[in-house]
Q: 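Quick one: the structure is below, and I'll ask about it shortly.
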Amino acid sequence: MELEMLRHSASHLLAQAVKRLYPDVKLGIGPATNVGFYYDFDFSTPITMADLEKIEQEMTKISKENLKIERFELPKDEALKLMQDQPYKIELINELPEGEVISFYKQGEFVDLCRGPHVNYTAKIKHFKLLSITGAYWRGNEKNKMLTRIYGTAFPTKEELEKHLEALEEAKKRDHNKLGRELGIFMTEENVGQGLPLFMPKGAKILQKLIRWVEDEEEKRGYVLTRTPLMAKSNLYKISGHWDHYRDGMFILGEEGVDDGLKALRPMTCPFQYMIYKNGIKSYRDLPIRYAETSTLFRNENSGEMHGLIRVRQFTLSDGHIICALDQVKDEFKNALELSYYIMDTLGIREDITFRFSKWDPNNTEKYINEPEKWESTQKLMKEILDELGLNYVEADGEAAFYGPKLDLQIKNVYGKEDTLITIQIDFASAERFGLEYTDADGQKKRPIILHRSSIGCYERTLALLIEKYGGAFPTWLAPVQVVVMSLTDRTIDEVEKVYAELKAQGIAVQKDTRSEKIGYKIREAQVNKVPYMLIIGDKEKEQGVVSVRGRKDGDLGAFALDEFIKKIKHEIETKAR
RNA sequence: GCUGAUGUAGCUCAGCAGGUAGAGCACCUCCUUGGUAAGGAGGAGGUCACGGGUUCGAGUCCCGUCAUCAGCUCCA
């Protein structure tokens with residue numbers, strides 16, 4: 001709260017400095033955030049990064065002037081008069097509910113419409129830094145004018161500010177978008193296109209390990225695998241509603257009236273698995289049916305939205321749909337969550353997850369299926385499940401899918417930005433829409449409930465978060481290269497070849513480096529590449545029949561007999577040790 | 001899609017009143033047979049993102065396209 005107040009006051013300091021330097025600027029809003037603050041401005045002429053320094057200097061000057069910060073209130077007509085040159089402020093005042101107190105804060109010549117609270121003197125705001133300058137739509141609506149947003153941060157002490165800036169630099173080194181490329185996990189190529197990462201041998205290896213593991217685990221838990229087309233005729237998407245509501249988000253192929261007409265690459269797997277369900281008659285005895293698919297999806301995201309592996313146009317989701325009777329929903333939901341828990345525990349990211357209960361918005365009839373009773377009953381059911389599980393979740397209105405509420409498992413990236421990793425949804429509407437049914441014990445046809453769920457989320461995004469979580473140093477079982485064998489002199493090259501062949505035969509991902517020059521550099525390189533183990537062989541080792549083992553973080557681990565080392569690493573791989 | 005910035009060798013970067021591309025590391029060859037990053041000598045590698053324009057002349061100025069980054073909007 002203290003910190004928020006300081007940062008909010010820092011945003012006013014920023015606004016005052018900008019107003020002094022650019023008297024005709026129009027002010028938007030300027031709140032504190034969880035890492036700093038920002039203020040939105042409407043400049044008559046655009047400013048650049050170079051101007052930030054000037055603005056920062058002016059802020060320091062105002063801080064030193066030590067102006068008193070005072071609150072006062074005005075009736076609406078006087079408030080409007082005071083803000084007559086500030087169209088955005090006038091808009092805000094006019095939208096305040098009748099009878100609401102209209103408060104202002106004044107520091108020296110600067111006055112801003114604001115609810116407060118603030119620190120009492122500008123000199124209290126000493127340790128701040130302006131960080132970036134970007135565009136942002138007025139009131140977050142893309143139909144409105146784009147204003148210039150200046151981001152900054154502020155702290156009570158110089159030490160805290162410096163620590164924060166250092167942490168930002170450190171975060172940059174773990175950023176999957178940088179580290180993932182440096183480690184040779186993925187790349188992009190301008191002729192391939194935006195949001196279409198190419199997985200290089202190391203990245204492909206990690207994905208393969210994850211996919212095999214997840215598919216096997218799902219099978220153990222009663223899922224059956226499907227494999228369905230990556231595209232379909234427009235008919236399918238017309239049934240699902242995507243053709244009318246999600247057309248901009250799809251890649252459309254073919255030509256109207258030619259062959260079988262327009263087709264589209266699939267943006268989701270649901271209708272394909274529904275069609276499999278519909279093939280043949282289903283009895284209540286068949287339920288629940290758990291379909292899983294490692295499903296490649298295509299979504300035509302806007303060009304500015306792509307980001308590394310977090311946001312792409314083609315991605316592979318551990319998708320699946322559980323089709324069950326109403327009285328099975330609770331158990332199936334819990335089991336689906338249990339599977340995700342197991343996966344996150346193994347990967348070591350469970351403690352980083354937060355839960356979001358995403359609900360509908362009754363006022364948004366365009367986005368959501370208009371069946372209020374069903375929404376209410378389904379949300380009630382989900383809330384019951386979440387509370388029975390004792391989950392600590394936040395509720396989010398207007399974040400549900402169009403067919404039902406969601407439980408989203410959220411995770412933060414290295415900069416603190418939150419994304420959905422995994423989602424489990426209860427769908428009360430699609431069975432009706434697609435005509436899914438089963439014959440119940442009483443002989444009546446009934447509509448099943450559908451759970452949409454993912455176990456590990458989308459592989460690209462999950463990989464991105466794993467890169468950041470481990471700073472590229474994957475647990476041994478996931479590491480694309482688990483061991484590098486190096487020769488200290490040319491006399492031991494044969495020995496290196498032998499060890500290499502033995503490890504390879506044991507199914508260990510091994511690389512060899514038989515060139516003996518610059519051994520120090522080679523070790524350094526393996527460390528930079530976060531290879532778990534380096535085996536070094538020289539005359540001494542050859543004579544004693546051992547290998548010198550070096551870990552990427554533990555340094556020298558000593559000499560091992562080869563079979564002893566193999567036993568150690570295989571145990572680590574089998575137990576998926578972290 | 002919107003606002004702003006960026007795009008020179010595999011990587012990190014230099015070059016800029018517009019005069020025809022450079023360094024370090026990596027890579028290749030030879031010498032050095034070494035003990036925990038960078039020993040010596042030589043070599044190869046660039047349509048300066050792409051396409052137009054201005055100019056006697058463009059990596060450098062202008063326009064467009066593509067890609068990358070930060071953010072907005074949207075989403076797994």
Side-chain angles (χ1 to χ4, degrees), chain A residues 33 38 40 42-43 46-52 131-151 172 175 177-178 181-182 184 187-196 246 248-249 267-269 295 297 299-319 358 399 401 406 408-411 415 417-423 425 452 454 456-462 464-465 486-493 515-528 534 536-541 548 550 555-556:
Chain A
T33 69
Y38 66 81
D40 289 344
D42 187 357
F43 286 97
I47 64 160
T48 67
M49 284 302 285
D51 298 313
L52 282 191
L131 295 171
S132 63
I133 158 171
T134 67
Y137 298 109
W138 168 237
R139 314 196 79 174
N141 188 329
E142 61 181 327
K143 293 192 177 68
N144 288 341
K145 182 167 184 184
M146 181 158 281
L147 307 181
T148 303
R149 175 172 295 179
I150 297 177
Y151 278 93
K172 245 182 228 168
D175 183 344
N177 205 9
K178 185 172 180 345
R181 291 171 199 269
E182 283 170 2
M187 56 174 276
T188 49
E189 209 284 324
E190 59 180 290
N191 294 298
V192 175
Q194 264 193 315
L196 299 170
Y246 196 69
D248 287 347
M268 35 69 222
T269 329
S295 181
L297 305 176
R299 295 184 190 176
N300 193 7
E301 306 288 356
N302 287 337
S303 61
E305 284 160 6
M306 258 64 74
H307 173 69
L309 297 178
I310 298 269
R311 201 69 189 280
V312 290
R313 281 188 170 143
Q314 176 186 320
F315 58 95
T316 299
L317 185 68
S318 61
D319 207 353
S358 295
E399 292 286 343
K406 308 193 288 181
D408 295 317
L409 279 61
Q410 305 289 109
I411 196 158
Y415 299 112
K417 197 174 165 178
E418 189 176 290
D419 268 300
T420 301
L421 197 63
I422 294 168
T423 167
Q425 311 166 359
H452 303 241
S454 176
I456 195 176
C458 116
Y459 287 94
E460 290 81 355
R461 182 174 287 184
T462 302
L465 289 155
M486 292 181 241
S487 185
L488 209 52
T489 87
D490 287 348
R491 291 187 297 277
T492 46
I493 285 177
R515 296 180 325 144
S516 57
E517 71 266 26
K518 297 186 185 174
I519 183 74
Y521 185 85
K522 295 299 172 194
I523 290 171
R524 172 72 181 162
E525 192 181 37
Q527 283 171 339
V528 166
M534 284 150 265
I536 298 163
I537 298 173
D539 291 327
K540 197 178 79 190
E541 287 80 3
S548 283
R550 212 180 153 79
D556 199 345

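Naming: A, B, ... by sequence-line order, numbering from 1 per chain. What's counted below: heavy atoms across the whole structure, side chains too, no hydrogens, waters or symmetry copies.
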Q: Can you tell which of A:Lys406, A:Gln410, A:Glu399 makes a side chain to side chain donor-acceptor pair (under 3.5 Å) with A:Thr420?
A: A:Gln410
Q: Send over the distance from A:Asp490 CG to B:C31 P, rounded to a whole Å.
A: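 Answer to the nearest Å: 11 Å.
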Q: Which whole number of Å gives the distance between the P atom of B:G43 and that of B:G22?
A: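 Looking at atom P only, B:G43 and B:G22 are 15 Å apart.
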Q: Here's a test for you: under side chain to side chain donor-acceptor pair (under 3.5 Å), which of A:Gln194, A:Arg311, A:His307 qualifies with A:Glu301?
A: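 The passing option is A:Arg311.
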Q: Please give me the minimum heavy-atom distance between A:Leu52 and A:Leu131, naming the atom from each residue.
A: CD1-C, 4.5 Å
Q: Restricting to non-hydrogen atoms, name the atom on A:Gln425 and the atom on A:Thr423 that form the minimum distance, rounded to 0.1 Å.
A: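 The answer is NE2-OG1, 3.1 Å.
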Q: Taking only the C1' atom of each, what is the distance from B:C28 to B:A5 in whole angstrom?
A: 38 Å
Q: Find which nucleotide of RNA chain B each of A:Lys178 and A:Gly308 is nearest to by heavy atoms, and output the residue with the more 5' nucleotide.
A: A:Lys178
Q: Can you name the nearest heavy-atom pair linking A:Ser318 to A:Ile456, along with the distance?
A: OG-N, 3.1 Å
Q: Charged N to carboxylate O below 4.0 Å: is that the case for A:Asp556 and A:Arg550?
A: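 Salt bridge absent between A:Asp556 and A:Arg550.
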Q: Could you go through nucleotides 36-42 of chain B and list every protein N or O atom that sits under 3.5 Å from one of its N or O atoms, giving the distance for each pair?
A:
residue : atom : partner  : partner atom : Å
B:U36   : O2   : A:Arg550 : NH1          : 3.2
B:A37   : O4'  : A:Gly520 : O            : 3.1
B:A37   : O2'  : A:Tyr521 : N            : 3.4

Q: If you compare all heavy atoms of A:Glu541 against all heavy atoms of A:Ser548, which two are closest, and at what distance to 0.1 Å?
A: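 Looking at all heavy atoms of both residues, the shortest contact is OE2-OG, 2.6 Å.
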Q: On RNA chain B, check which nucleotide each of A:Thr148 and A:Gly195 is closest to and give me the residue with the more 5' one.
A: A:Thr148
Q: Determine the Euclidean distance between corresponding C1' atoms of B:G18 and B:U73; express it in Å to zero decimal places.
A: 41 Å
Q: Between B:U68 and B:G15, how many Å separate the two P atoms, rounded to a whole number?
A: 26 Å
Q: Tell me, for nucleotides 70-76 of chain B in 5' to 3' order, what letter each nucleotide earns: B for a base near a protein heavy atom under 4.0 Å, S for only sugar-phosphate near one, - for neither?
A: BBBBBBB
Q: Applying side-chain contact (heavy atoms from CB on, under 4.5 Å), name anything that partners A:Asp419, two or more places apart in sequence or on another chain.
A: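 So A:Asp419 forms a side-chain contact (heavy atoms from CB on, under 4.5 Å) with A:Ile310, A:Arg461.
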Q: Once you round it to whole Å, what is the distance between C1' of B:U68 and CG of A:Asn191?
A: 14 Å
Q: With rounding to whole Å, what would you report as the distance between B:C50 and B:A67 at their P atoms?
A: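 My reading of the P atoms in B:C50 and B:A67 gives 15 Å.
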Q: Should A:Leu317 and A:Ser454 be marked as a side chain to side chain contact (heavy atoms under 4.5 Å, CB included) after you check the CA-CA gap, both sets of side-chain angles, and the distance that decides it?
A: CA-CA 7 Å; A:Leu317 185 68; A:Ser454 176; 3.9 Å; yes
Q: What's the gap between B:U47 and B:U29 when it is taken at their C1' atoms, as a whole Å value?
A: 28 Å
Q: Using Watson-Crick and G-U wobble pairs whose two distances are both under 3.5 Å, how do you write the pairing of RNA chain B as dot-bracket, with | for links to another strand?
A: (((((((..((((.....[..)))).(((((.......))))).....(((((..]....))))))))))))....
Q: Looking only at heavy atoms, what is the nearest atom pair of A:Ser295 and A:Thr269, with distance?
A: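 Smallest interatomic distance, heavy atoms only, reads OG-OG1, 2.8 Å.
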Q: For B:A21 versus B:G57, give the span between their C1' atoms, rounded off to a whole number of Å.
A: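 B:A21 and B:G57 have their C1' atoms separated by 16 Å.
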Q: Expressed in whole Å, how much space separates the C1' atoms belonging to B:G19 and B:G59?
A: 13 Å
Q: Identify all side-chain donor-acceptor contacts of residues 521-528 of chain A below 3.5 Å with residues at least two apart in sequence or on another chain.
A:
none

Q: Considering residues at least two apart in sequence or located in another chain, which fulfil the salt bridge (Lys or Arg N to Asp or Glu O under 4.0 Å) criterion with A:Lys178?
A: A:Glu182
Q: Whole angstroms only, please: what is the CD-P distance between A:Glu189 and B:G10?
A: 12 Å
